[in-house]
**Q** 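Below is a structure I'd like to ask you about.
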Amino acid sequence: ISAGLDYPGVGPEHSYLKASGRGSYVSVTDEEAVAAFRKRHPALRRTRFISELAGPLPHPPEMRFHGRRPYEPDFSAGSRHVACLVSGVSTTGDAADDDIYIVANAEPWDMDFEPPSLSYRKRWLRAIDTSLPSPDDIAQPGKEVFVSPQNRLRVRAHSVAALIGR
């Protein structure tokens, strides 16, 4: 069981757990995992995101790019990292959803990012970290891991992390 394999496979420990009935395993494609994550978060099912292009808004923009620090994206030719915040604020009058902060680090070294501050009573929880071994790389719904400290996120080289602001 591993992310990135082109075929389903398990190691000897997992084979033993499955054969002994102490473990159960299901196969899921990357597309199915992303679809399930998107289904759980209405903010990712919007038909549009960049509404601030139409003029001033009475609410924060639905999506905003960041760099290693909030509101400072690095779109230079040499940059191999980006962060993006999808706001959970409803623009249609529906109930608010979780904020989602996604960081992609394609640099060959680990990098520290500063997630944007959250509104009152919300906190950052780690939902995805592709640098971690399975099954710790994707948290089960409701079992996301509290990020400490809240103002710093270490993202390993060649990996992606997704935080939920709840």
Side-chain angles (χ1 to χ4, degrees), residues 2-6 28-134 136-139 141 144-166:
S2 175
L5 288 178
D6 292 333
V28 61
T29 66
D30 292 342
E31 292 81 12
E32 291 169 328
V34 170
F37 185 76
R38 187 172 182 246
K39 187 182 242 184
R40 287 193 308 270
H41 299 284
L44 295 176
R45 296 195 306 266
R46 295 182 183 145
T47 57
R48 62 175 178 75
F49 282 101
I50 314 294
S51 61
E52 72 266 24
L53 297 178
L57 297 175
H59 53 77
E62 291 96 348
M63 186 171 80
R64 177 167 273 158
F65 287 94
H66 300 273
R68 294 179 70 180
R69 295 178 46 87
Y71 313 106
E72 297 178 13
D74 180 1
F75 293 126
S76 66
S79 175
R80 293 184 176 156
H81 62 274
V82 67
C84 176
L85 175 69
V86 178
S87 172
V89 173
S90 174
T91 59
T92 62
D94 296 333
D97 186 31
D98 300 330
D99 294 321
I100 300 171
Y101 179 66
I102 302 168
V103 180
N105 179 15
E107 302 283 2
W109 50 79
D110 299 351
M111 297 183 78
D112 289 330
F113 289 81
E114 181 183 337
S117 297
L118 289 168
S119 61
Y120 180 69
R121 293 196 181 224
K122 282 190 169 184
R123 59 190 183 146
W124 287 119
L125 305 169
R126 180 179 43 85
I128 298 171
D129 184 346
T130 62
S131 72
L132 298 175
S134 182
D136 298 327
D137 55 345
I138 302 175
E144 296 88 358
V145 179
F146 179 74
V147 174
S148 182
Q150 288 278 288
N151 64 349
R152 182 179 156 265
L153 176 67
R154 165 77 37 111
V155 181
R156 301 283 180 207
H158 306 290
S159 63
V160 174
L163 305 182
I164 304 298
R166 179 176 300 148

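Note that the structure is a prediction, hence the values are computed from the model and not measured.
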**Q** Say you draw a straight line from CD1 of Ile100 to CD1 of Ile128; how long is it, rounded to the nearest 0.5 Å?
**A**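 Ile100 CD1 to Ile128 CD1: 9.0 Å, rounded to 0.5 Å.
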
**Q** Look up atom CZ in Arg80 and atom CG in Asp74, then write down how far apart they are to the nearest 0.5 Å.
**A**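 Nearest 0.5 Å value for the CZ-CG distance: 12.0 Å.
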
**Q** Can you name the closest pair of heavy atoms from His158 and Pro108 and give their distance?
**A**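 Nearest heavy atoms, His158 then Pro108: NE2-CA, 3.5 Å.
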
**Q** Heavy atoms only: give me the nearest Asp98-Arg166 pair and the separation to one decimal.
**A**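 The answer is OD2-NH2, 2.9 Å.
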
**Q** Report the distance from atom OG of Ser159 to atom CE of Met111, rounding to the nearest 0.5 Å.
**A**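 Result: 11.0 Å between the selected atoms.
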
**Q** Taking the side chain as C-beta and beyond, is there a heavy-atom pair between Tyr71 and Arg69 under 4.5 Å?
**A**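 SC-SC contact between Tyr71 and Arg69 ruled out.
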
**Q** Atom CG of Asp99 and atom CG of Leu125: how far apart are they, to the nearest 0.5 Å?
**A**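 It is 11.0 Å, given to the nearest 0.5 Å.
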
**Q** I'd like to check Val155 versus Asp110 (side-chain heavy atoms, cut-off strictly below 4.5 Å). Are they in contact?
**A**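 Side-chain contact under 4.5 Å: no.
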
**Q** Return the NZ to CD1 distance between Lys122 and Ile164, rounded to the nearest 0.5 Å.
**A**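 Going from NZ on Lys122 over to CD1 on Ile164, the span is 10.0 Å.
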
**Q** Show the nearest heavy-atom pair for residues Ala83 and Val103, with the distance to one decimal.
**A**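 Heavy atoms only, the tightest pair is CB-CG2, 3.9 Å.
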
**Q** Could you tell me whether a side-chain N or O of Asn105 sits under 3.5 Å from a main-chain N or O of Arg156, the two making a donor and an acceptor?
**A**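 Present.
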
**Q** Look at the side chain of Arg68 and the backbone N and O of Asp112, then say whether any donor-acceptor pair between them is shorter than 3.5 Å.
**A**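 A pair under 3.5 Å: yes.
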
**Q** Would you please name every residue forming a ring pair (Phe, Tyr, Trp, His ring centres under 6.0 Å) with His81, sequence neighbours left out?
**A**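 With neighbours one apart ignored, the set is Phe113.
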
**Q** Please examine the side chains of Leu132 and Arg126, heavy atoms only from C-beta on, and report whether any two atoms are closer than 4.5 Å.
**A**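 In short, these two side chains touch, coming nearer than 4.5 Å.
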
**Q** Please examine the side chains of His66 and Leu85, heavy atoms only from C-beta on, and report whether any two atoms are closer than 4.5 Å.
**A**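 Leu85 vs His66: side chains touch.
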
**Q** Is there a donor-acceptor contact under 3.5 Å from the side chain of Trp124 to the main chain of Pro116?
**A**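 It does hold such a pair.
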
